[in-house]
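Take a look at the structure set out below.
Along the sequence shown, the residues carry numbers beginning at 1. For ligands, and for the atoms within them, numbers begin at 1 and follow the listed sequence. It should be emphasised that the depicted structure is a prediction, and the values quoted were computed from it without experimental measurement.
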Amino acid sequence: MSTTDQGFWPRDDAALRDVIEWAWSRIQTGGDSRHRARPASELEADIGTTITPEGIGTAEAFRRFVDVVVPATRAQDRPLNLAYVPSAPTPAALVFDLAVSASAIFAGIWEAGAGAIHAENQALAWLAGLAGWPSSAGGCFVPGATQGNLAALVAARHDAATRRVEPRPDRWRIAATAEAHSSVRAVARAIDVDVLTVPSDDRGRLTGDRLIATLDGDPIGGDGVFCVVASAGTTNAGVVDELAGIAEVAAERGIWMHVDGAYGGAALAAPSARPLFAGIERADSFVVDPHKWLFAPYDCCALLYRRPELATRAHTQEASYLESVDRERWNPADLAVHLTRRARGLPFWFSLATYGTERYAAAVETVLATTRQIADAIDRRPFLDLVERPDLSVLLFRRPGWSMDDHLGWSDRLAREGVALCIPTRWRDEATMRLCLVNPDTRVADVEAVLDTMA
Ligand SMILES: *Cc1c(COP(=O)(O)O)cnc(C)c1O
């Protein structure tokens, strides 16, 4: 081992370089589609003891990572990974993630991370502009939309509680459909608020009419409802709620409008899909996960507030050791439930800066066009039924006569062979195949070949 003595930690430079070389080659070649989860008992046997009093050294620890750890993780970025919501980070974003790690930036407060926070804010401003928000809007990056939804709902409730001193409602509530992402109900439980469930329309959408009917039909007339959560791209079906109608009702009733665009918000960048989002310009907060469909690596959620000062009031942490923090500056720590944070928006910023917004728009359009062509391909196959024309890039279809077990068996076989990843779901209580596309390198012909194995 060629150890360079530089400070306290011995450094095996050759082995460390191997790690960087490996990262570079992983970025160039992509992951292996046959890699998959294994039971912990098998992993324990294969990886052996790694945490020892003397340490096993860089080369040996890395060998176990390459041989055991990586093959037991799913390659989320393969073009035929169409399960859940996959990921498709650009080469620039992935490489830059290494640079962010190497820079050891504390991006919680301006004083420590000004340059990084400024660059992140440029990327956020692009998103705010796509939504048609004023330049006074702003936010920060958090790990995921679950965290983003949490921060936005905390800000919304704080704002409502500040405005309504007497009489306090018995319970604070949010309005959402059953199609809202599971994280919305998880966040409601975490902050101890109730959910007023609004029945969705026949396409699974929340509409202004349904919202008003639910508020008016509620025994206490919607009292205590401080926020409505609209989905800009439901996870299960990829449909966008009727944002303009919801915005109208929210404004009329003084309710905060939060738009969860974790997956679908990316399509704001695509001119062909932009009309679906009409009304988002009136929302109070908005989240989109660049790690889903904006070509950034994990973990990266953009959280935006129309009036960031309302979020600051809710989130600022006070302590004697924080007294020197300049509150006149843009401190991401004041905008969500966090203090220390990695500059996790920087890989997204670097990718956007590298390729430009036109190429980003073209990438999202490519995915939308591929999805429409696959919908046509499903329509042409007599053994398949398309459930609905897609709004965005989620496709739901059925193989008539197949049970949930048949769907699961088929999807498991494809995964084992490393052909493709797709996981069934339920739509209106029936077993349904679901594909979710986010990768501009997904080819229609390759997906058609997968479809034909269902014949
Ligand atoms: C994925 C998703 C979430 C959760 O996002 P995480 O980044 O996994 O926390 C929330 N809402 C919607 C609509 C999603 O698709």
- Message: Between F226 and W256, is the ring centroid distance below 6.0 Å?
- Response: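 No, too far apart.
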- Between F141 and F348, what is the ring plane arrangement, given parallel below 30°, perpendicular above 60°, and tilted in between?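 Correct class here is perpendicular.
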- Query: F350 vs F96 aromatic rings, parallel, tilted or perpendicular, using cut-offs 30° and 60°?
  - Reply: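 Plane angle under 30°, so parallel.
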- Item | Polar contact flag, side-chain donor to acceptor under 3.5 angstrom, S183-N149 |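 There is such a pair (donor and acceptor under 3.5 Å, judged by atom type) between the side chains of S183 and N149.
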- Using a threshold of 4.0 angstrom between heavy atoms of the protein and any atom of ligand 1, which residues qualify?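 Near ligand 1, by chain and number: G144, A145, T146, H181, S183, G233, T235, D260, A262, Y263, D289, H291, K292.
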- Side-chain donor/acceptor of R78 to backbone N/O of G31, under 3.5 Å: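 A pair under 3.5 Å: yes.
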- Task: State whether R173 and D218 are salt-bridged, where the test is any N-O pair (Lys NZ or Arg NE/NH1/NH2 against Asp/Glu carboxylate O) under 4.0 Å.
- Result: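 Salt bridge flag = yes for D218 with R173.
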